[in-house]
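This is a predicted model, so every value here is computed, not measured. Counting convention: from 1, in listed order, for ligands and their atoms alike. The chain is numbered in sequence order, starting from 1.
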Amino acid sequence: MIILGIESTCDETAAALVEDGRHLLSNVISTSVKEQALYGGVVPEIASRRHCEFISATVKKALLDAGKTIDDVDAVAVTFAPGLIGAVLVGVNFAKSLAYANRIPLVAVNHIHAHIAAAYLTNPDLTPPFLALVVSGGHTCFYRVSDYTDIQLIGGTRDDAAGEAFDKIGRVIGMPYPGGAALDKLAYEGDPNALRLPSPALADGLDFSFSGIKTATLNYLNGAEQRHEAVNRADVAASYTAKIVDALTKKTALALRETGMRTLVIAGGVAANTHLRASLEALCARLGVRLAMPERALCGDNGAMVAAAGYYDFLAGHRATVNLNASAED
Ligand code: KG4
Ligand code: ZN
């Protein structure tokens with residue numbers, strides 16, 4: 001069964017064809033990120049406008065790259081929530097029109113569930129149940145994935161997401177937006193113990209708060225500037241990354257213990273972070289837990305993950321109609 005996945009929740013306009021939820025046939029991503037970088041973050045109006053311009057050609061290219069036509073597509077899956085409302089609406093309306101005009105079933109997919117489903121593409125034998133850690137620009141959450149479409153939130157951030165925290169400090173130390181990937185590289189050149197920073201792991205339970213570590217790092221940078229002291233940016237990147245990775249790893253260990261899960265999936269843009277991947281690999285090796293990660297290229301927003309999630313939603317009998325609406329909230 002071939003699913004066309006369409007994604008437009010933030011600044012990526014993406015479309016992909018996936019067979020049986022596991023086999024990638026094509027994966028096309030058009031992005032307005034370079035233009036957004038001029039403003040140091042995503043400007044929702046610009047994102048929406050670029051989605052309108054890119055979406056038709058992006059979907060066409062996804063079909064072309066797979067050597068298929070719309071007649072080969074068994075269902076259209078589209079992200080309907082959560083995201084920037086004007087951006088999500090573009091994908092939803094395009095998908096509705098495409099499905100209606102071609103009499104193809106339509107499936108509405110949750111963006112976070114789609115991030116988790118990216119792991120099915122890279123790990124063909126991965127099956128639920130498992131624990132999922134979703135770390136992205138908008139989310140830092142633990143999910144108990146009992147079955148393909150039975151996914152429960154069991155903990156998460158009380159304020160910012162890990163990706164937002166990386167992007168914020170990245171911007172302050174002069175990295176282009178989004179700073180996550182650049183900080184990842186820079187952190188290898190610094191001393192992870194150079195700065196004393198508070199942990200984003202809250203004392204009890206599976207929750208995080210990133211506002212404290214962000215403020216402490218900003219205070220350090222402002223203090224150094226006032227004293228006209230040079231800042232070693234690599235030390236900042238290394239210390240900040242180490243503290244965040246350590247918190248994510250500790251809480252993951254706790255979540256594995258509390259849920260009794262023997263498989264861990266990580267997903268979302270920040271799951272591409274090489275320090276986090278290495279730390280979770282070490283944790284899982286120590287605990288004898290299987291770690292299933294999407295390949296790094298499938299961690300960020302893409303249409304393939306939407307098609308993979310859409311396949312399992314379709315099998316579960318979920319169908320959307322032309323009344324489908326977009327939602328900014330989860
Ligand atoms: O999942 P995603 O593409 O979009 C959302 O759903 O939010 O995640 C984007 C986030 C950005 O904050 C970006 O800086 C971060 O993922 N990111 C990284 C890395 N690559 C992307 N953060 C840390 N290390 C990376 N290598
Ligand atoms: Zn995302």
Ligand 1 to Pro178 polar contact by distance, N or O atoms, under 3.5 Å: no
Any His115 heavy atom less than 4.0 Å from ligand 1: yes
Per atom 20 (N) of ligand 1, closest listed option by heavy atom (Gly83, Gly163, Gly269): Gly269
Atom 3 (O) of ligand 1: the protein heavy-atom neighbour that sits closest, reported with distance to 0.1 Å: Asp301 N, 3.1 Å
Atom 12 (O) of ligand 1: nearest protein contact (heavy atom, Å): Asp167 OD2, 2.7 Å
Does any donor atom in the side chain of [X] or [Y] lie under 3.5 Å from an acceptor atom in the other side chain?
| X | Y | result |
| --- | --- | --- |
| Thr13 | Thr58 | no |
| Thr9 | Glu7 | yes |
| Asp11 | Ser32 | no |

Those atoms of ligand 1 less than 4.0 Å from some heavy atom in Gly180: 14 (O), 18 (C), 19 (C), 22 (N), 23 (C), 24 (N), 25 (C)
Parallel, tilted or perpendicular: rings of His113 and Tyr143 (30°, 60°): perpendicular
Test salt bridge (Lys or Arg N to Asp or Glu O under 4.0 Å) applied to Asp246 and Lys250, step by step: CA-CA 6 Å; Asp246 181 59; Lys250 281 200 178 116; 2.9 Å; yes
Identify every side-chain donor-acceptor pair in residues 117-129 under 3.5 Å, counting partners at least two apart or on other chains, and give the distances.
{"from": "Thr122", "atom 1": "OG1", "to": "Glu295", "atom 2": "N", "distance (Å)": "3.0"}
{"from": "Asn123", "atom 1": "ND2", "to": "Ala119", "atom 2": "O", "distance (Å)": "2.9"}
{"from": "Asn123", "atom 1": "ND2", "to": "Met293", "atom 2": "O", "distance (Å)": "3.1"}
{"from": "Asp125", "atom 1": "OD1", "to": "Arg290", "atom 2": "NH2", "distance (Å)": "3.1"}

Polar protein atoms (N, O or S) that approach the Zn ion (ligand 2) to under 2.8 Å: His111 NE2, His115 NE2, Asp301 OD1
Can you list, pair by pair, the side-chain donor-acceptor contacts under 3.5 Å of residues 298-305, counting residues two or more places apart and other chains?
{"from": "Asp301", "atom 1": "OD1", "to": "His111", "atom 2": "NE2", "distance (Å)": "3.1"}
{"from": "Asp301", "atom 1": "OD1", "to": "His115", "atom 2": "NE2", "distance (Å)": "3.0"}
{"from": "Asn302", "atom 1": "OD1", "to": "Ala304", "atom 2": "N", "distance (Å)": "3.0"}
{"from": "Asn302", "atom 1": "OD1", "to": "Met305", "atom 2": "N", "distance (Å)": "2.8"}
{"from": "Asn302", "atom 1": "ND2", "to": "Leu298", "atom 2": "O", "distance (Å)": "3.1"}
{"from": "Asn302", "atom 1": "ND2", "to": "Gly300", "atom 2": "O", "distance (Å)": "2.8"}

Do any side-chain atoms of residues 190-200 form donor-acceptor pairs under 3.5 angstrom with protein atoms, and if so which ones, sequence neighbours left out?
{"from": "Asp191", "atom 1": "OD1", "to": "Asn193", "atom 2": "N", "distance (Å)": "2.8"}
{"from": "Ser199", "atom 1": "OG", "to": "Ala201", "atom 2": "N", "distance (Å)": "3.0"}

